[in-house]
There are 2 protein chains.
Amino acid sequence: MRPTIKDVAKAANVSIATVSLVIHNNERISTKTRKKVLRAIKELNYHPSRSARGLVSHQTGNIGFIITEERFLRTEPFYTRVFLGAEFEAREKDYYVLLATIDSSFKEGDPLPRFILERNFDGIIIAGKVPTTFIDSLLKYKRPIVLIDFIPPDGGYPNVLINNIKGGMLATEHLINAGHKNIAFIGGEISHPSIMERLRGYNLALEKANIRNGDGLIVTNDEYLSRQNGYKSAGRLFNNRKDVTAIFASNNATAVGVMQYIKDNGYKIPDDVSLVGFDDVEADLLIDPPLTTIRVPKVEMGTEAVRLLLDILNNKSNSTKSTVVQVELIIRESTRAIKK
Amino acid sequence: MRPTIKDVAKAANVSIATVSLVIHNNERISTKTRKKVLRAIKELNYHPSRSARGLVSHQTGNIGFIITEERFLRTEPFYTRVFLGAEFEAREKDYYVLLATIDSSFKEGDPLPRFILERNFDGIIIAGKVPTTFIDSLLKYKRPIVLIDFIPPDGGYPNVLINNIKGGMLATEHLINAGHKNIAFIGGEISHPSIMERLRGYNLALEKANIRNGDGLIVTNDEYLSRQNGYKSAGRLFNNRKDVTAIFASNNATAVGVMQYIKDNGYKIPDDVSLVGFDDVEADLLIDPPLTTIRVPKVEMGTEAVRLLLDILNNKSNSTKSTVVQVELIIRESTRAIKK
DNA sequence: TATTTTTAGTTAAACGTTTAACTAATATTA
DNA sequence: TAATATTAGTTAAACGTTTAACTAAAAATA
């Protein structure tokens, strides 16, 4: 049988209350007693029962982690890394993470994950864009919510954001510094605030360098970011502008599609066209040539989200604080200085 | 405040015991009372507290899902799909799934996931190969274990297995039927039972067709299944045997590496070489040409694992029953009949 | 010295369930 | 009809914690 607080109390020859107080670092217990109790805890390999604890304290020790099925299954392990960061941090802080996916077309009345219905969570992390209706149906549970890489239209939630503007600037400036003038932006899912910001960074960098980019260099649509979409968009781009020498693709999958199109049409990377992606996933290294990209600290985003959430749960923070994680330019072989 | 069993009892004008019995489908309660109680439950949107339940029943309602970090982060969402299947089935059966990763070099004494240390799980699912030391350190918790796609050396656990032999045969027979004679097998991680079985299926199919495959057609090593490894192995193959016309690669990532090598060396797929993979992940469709492959029912593997585990937990099954999921040949464009 | 304050604990109630043991009412049997 | 069995519930203890309220002993103060 697993040891209970009673066993510890008996072993240390104190009351169960004392054991509980030691566990919670209450300063009312003398160092001597504290040591005695801690020794007993270690000897018996005692771990408090979550059930008993939850029953009296009305806290579950669970953090929900919600992501759309689509995003979770994405070929690039972007959000799996975010999850990993969250799980590590939660483990550290004595919380469990309950991962559940929802449909990206979630409608009001659709079944919610069990732990939500059963109110078995202290707070919830939502990773990536989800339907507003989903967030709405969470409201009545009155638990803190932290969003990752997503700002819903009505805003007002604490979130962990990527410095997308900076990323867009870094990518574009890298191309400008290499002497490029006709720099294109290719981005799907343009309604996503993050993609819009990357475009904004792109524009800011061009402005700063006094480059007036002519028509047809910005190709966007609102389809899901994917290889196919990148391939298609590259086609549209090259139909209009044969003079393009550099492309900034708003995420990695798009970049791979763009690369495929360029290869299929007899151009060479980076000889004819330089290409920069966004995200930095392993696949970037395996493709030919390895992709220059903007690195996003994925694991850190997960840990930050948990920290933010726990700060709110412990009243250390009001519920509108947000964190912005920084990005970094990773230069590989898909970009080079323009031929004179 | 969330409703408790007392609120339901008051609303239905019965004792709390009656409510509990109704929830557990005890036949001692009349249909009339049962209806009355169920109505109250629905009206109040009552869900029993896991904490209270766990405290008295000594069951947690949690299923652990363990996977090595390496496998979880793999570019192909193979195990994420398996997890998804497990989560769906668990949700259905009123269980939570606690996902945690371990290091693939887990050693005795390394920290275990929190829910294990705290004994907060009724059973555990291990997805993919893990170090034997990890399984050993689980033993003392005396909870049922179900393995997915892995048989440890000392065996003895219920598991969900892929019909790898059948898969190997299907792939190889497909190539044989297309007229190929010099059919190679490329497989990394050969110490993995699943890969060995795929090789066995390959051999069986050749035997059945009375094809004596000469030297150098089987290229294996014990490195992790990956693109680079596939690329390298293909190099070794073509150095020895220029006459190969078809290749069965033991998983998808390997196949992609092989494909890359073939392209880089001026051969065409499927014109010069036919190629079959194993796993069927989305990426197979996006590569050029789309890959003929053996489809593995990934989601089903997850649901089966949960079913197996719950059967054991409910004493419906002894703890050595295993399930084998079936595979299917998916013909795409990477294979074709041999040129006469 | 007598009183008050502080220290270092202990006692006991409460949290929301499950379930064995009990009971009152009704049905069956001798 | 009296005794027994069945039905449809109810009562109450138990699960393992937390924590407010209490207390005995020691220290500080008047």
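Sequence lines set the chain letters: A, B, ... in the order given, protein chains first and strands last, and positions in each chain run from 1.
In this structure, the side chain to side chain contact (heavy atoms under 4.5 Å, CB included) partners of A/E69, at least two apart in sequence or on a different chain, are A/L73, A/T101, B/L84, B/F88. Under the side chain to side chain donor-acceptor pair (under 3.5 Å) criterion, A/S104 pairs with no residue, sequence neighbours left out. Qualifying side chain to side chain contact (heavy atoms under 4.5 Å, CB included) partners for A/N13, counting only residues two or more places apart in sequence or in other chains: none. Considering only residues two or more places apart in sequence or on other chains, A/Y79 meets the ring-ring contact (aromatic ring centres under 6.0 Å, His included) condition with none of them. Residues satisfying the ring-ring contact (aromatic ring centres under 6.0 Å, His included) test with B/F72, not counting sequence neighbours, are none. Listed by chain and residue number, A/T4, A/I16 satisfy the side chain to side chain contact (heavy atoms under 4.5 Å, CB included) test with A/K6 (two or more places apart in sequence, or in another chain). With sequence neighbours left out, the ring-ring contact (aromatic ring centres under 6.0 Å, His included) criterion links B/Y96 to no other residue.
Between B/E89 and B/K93 there is a salt bridge, since a side-chain N of the basic residue sits under 4.0 Å from a carboxylate O of the acidic one. Ion pairing between a basic and an acidic side chain is recognised when a charged N comes within 4.0 Å of a carboxylate O; A/E87 and A/R91 show such pairing. In summary, A/E43 and A/R39 do not engage in a salt bridge, as defined by a charged side-chain N under 4.0 Å from a carboxylate O. Electrostatic pairing of A/K10 and A/D7 does not count as a salt bridge here, judged by no charged N lying under 4.0 Å from a carboxylate O.
Residue pairs meeting the salt bridge (Lys or Arg N to Asp or Glu O under 4.0 Å) criterion with at least one partner in residues 122-147 of chain A, sequence neighbours excluded, do not occur; the list is empty.
Position along DNA chain D of the nearest nucleotide to A/P3 versus B/T18 favours B/T18 as the more 5'-ward residue. When the nearest nucleotides of DNA chain C are assigned to B/V19 and A/I16 by heavy-atom distance, the more 5′-ward of the two goes with A/I16.
Rounded to 10 degrees, the angle between the two end axes of the helix from C/dT1-D/dA30 to C/dA30-D/dT1 is 50°, with five pairs used at each end.
The footprint of chain A on DNA chain C, defined by a heavy-atom cutoff below 4.0 Å, extends from C/dA8 to C/dG16.
Only B/S20, B/H24, B/R28, listed by number, bring a heavy atom of residues 20-38 of chain B to less than 4.0 angstrom from any atom of DNA chain C. Within residues 47-56 of chain A, the residues approached by DNA chain C to less than 4.0 Å at the level of any non-hydrogen atom are A/L55, A/V56, in residue-number order.
No engagement by A/S57 is indicated, since no non-hydrogen atom pair under 4.0 Å with the nucleic acid exists.
Looking at B/N62, B/T60, B/D94 one by one, the single match for side chain to side chain donor-acceptor pair (under 3.5 Å) with B/R50 turns out to be B/D94.
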